[in-house]
Amino acid sequence: MLVLLLTSVFLLSLLAEKAWHRRRLRALPLRIGVTGTRGKSTVTRLLASVLREDGRRVLAKTTGSEARLILPDGSEVEIRRRGIPTILEQKGLVRRAVRAGADCLVAEMMSIRPENLFVEAHHLLQPNVVAVTNVRADHTEAMGNRPDQVGAALAPAFHPRAAVFVPQSSVRYFGSATGSIEPVPAGISSPLTATHPQLQRQEFQGDLDLVYQVARRLGVSGEVIARGIGKARHDLGRLALWILERGSRRLYLVNAFSANDPESTWEALDKARALLPDSTALAGILNLRSDRPGRTLQWLSELRSGGLGRFAQLYVTGGHAVAARRSVRGLRRIGRASPEEITETVASGLPDRGILFGFGNMAGAGRLIVEYWKRVGEPYAL
Amino acid sequence: MPYELSFVGLLASLAYISITGIHPGGVIVPSYLVVFLSRPSRLAATLAIALLTLLCYRLASRHLILFGSRRFAFMVLVAAVWTFLGYRIFPALVPASIEFQAIGWVIPGLISNTCERQGIWLTLASLATVTVAAFFLGRALGTII
């Protein structure tokens, strides 16, 4: 009989949880879920800032390089986790938003596995707006290698009653996905960037287009969108540039550790090059994570198929560094070293106006290096 | 050698997972099933409860927040309820059902959980393959030793 009792208690607690959660969701008229491969934290922050500027009480949450709650007054609270991140955080997020009197929730969706993404979208957040940043190959073990596989893995985020915004170039990867997909044409934010050219310099075009289209659909004016984007605060994972003076040499430090996948990384490199027209040689620091074997394999394949040629020197550090050096000729390994030693080692071989480009993963050495660069470098361009 | 067969089942299961990457209903499940290969009614009851539990999950997951460890707990508990009914209630109603009882309390739940994650046919086909392979391997080893 005990098994009957335990099962009954378990099911009743699940039913009660669902009822309470549904009641809280009803108290939040606008719920925006941000998903995609890259740029989710940035788009979440931009959308929250724009809607705040529009006079709404917005609670937002990012889960990328730094998990943060962004409160209605724009201040931030670090999310402390006792164990492995779980999508049940989104239940607490909804509760917190209701308690804070928010009328709008902007949440970065955190699931990688499609079955979890389905639960996150259909039960926990039930977004009425879903914004997809892009469709690229990352987390390949869970999402697949091909764009159509990644699209299929992201499609469970589309709640049937949600307006879904997808970059026009990526719509084809979603096949017969449910929800009303609204394509976001590339360059749709041009009215905004024409009057505020600094935004194009600060942000990636795709992020601007997506935020602009979503905000316009929510009735926000162009001027408010521009002000909101301008006021947005970003986290450590954002593409950032610094100048480092070393004797007679001026070096450029570029943080692209959070770009993670090759396609996003090369996009970040192109943007950095465009912002640094006088730059010369390029040296890279590739930070690998032992708990991201799929990403390591992706990078090794990319480097072997020509990616290594972009760099005058490329150093590798982190969990799979030894295996990576064996696998790709020309890679140099940096063992256990402080961020200062890593920076000096890589910088020593660079000429004046050379770029020191950090990429791969933020966790571990990436974060330490970026924190060091923030301390010793002078912010540049962005 | 019934209890030794369980260990053969465990190793066969491990080898199968290593080679194919497919789980035969859980690493330990073939170890139990192979011992009961001579009692098909119990095998049938185990699979029937696993599928019934999977149906319950599919219905419940439309309304409840079920994923990861919650889904696992749901599968094991609901399967245990069906197993309990099979032991206590059904034989009183239909005496012929006394032979139609599940193997263990947790095994049907493990099978249904794997079916949900991996697909029904892939799981059941793998489970049958590993169980039968373990049976013949066990017999062959018994002959040699």
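The chains referred to below are lettered A, B, ... by the order of the sequence lines, with proteins before strands, and numbering in each begins at 1.
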Inter-residue atom distance [X].[atom1] - [Y].[atom2], 0.5 Å rounding:
| X | Y | atom1 | atom2 | result |
| --- | --- | --- | --- | --- |
| A/Leu4 | B/Leu85 | CG | CG | 6.5 Å |
| B/Phe67 | A/His123 | CZ | NE2 | 10.5 Å |
| B/Glu116 | A/Glu115 | CD | CD | 8.0 Å |
| B/Trp82 | A/Thr7 | CH2 | OG1 | 12.0 Å |
| B/Ile65 | A/Lys91 | CD1 | NZ | 6.0 Å |

Above 12 or not: heavy atoms from other molecules or residues under 6.0 Å from [atom1] of [X]?
| X | atom1 | answer |
| --- | --- | --- |
| B/Tyr16 | OH | yes |
| A/Arg304 | CZ | yes |
| B/Arg70 | CZ | yes |
| B/Trp105 | CH2 | yes |
| B/Arg88 | CZ | no |
| A/Arg96 | CZ | no |
| B/Phe136 | CZ | no |

With chain B, the option among A/Val119, A/Leu11, A/Thr86, A/Leu124 that has the most non-hydrogen atom pairs under 4.5 Å is A/Val119
query = Taking it one step at a time, do A/Leu14 and B/His63 satisfy side chain to side chain contact (heavy atoms under 4.5 Å, CB included)?
reply = CA-CA 9 Å; A/Leu14 290 175; B/His63 308 285; over 6 Å; no
Using non-hydrogen atoms and a 4.5 Å limit, figure out which bit of [X] sits close to chain A: side chain, backbone, both or neither.
| X | value |
| --- | --- |
| B/Leu66 | both |
| B/Arg62 | backbone |
| B/Ala60 | neither |
| B/Ser61 | backbone |

Looking only at heavy atoms, the pair that brings B/Phe74 and A/Phe10 closest together is CA-CE2, 3.6 Å
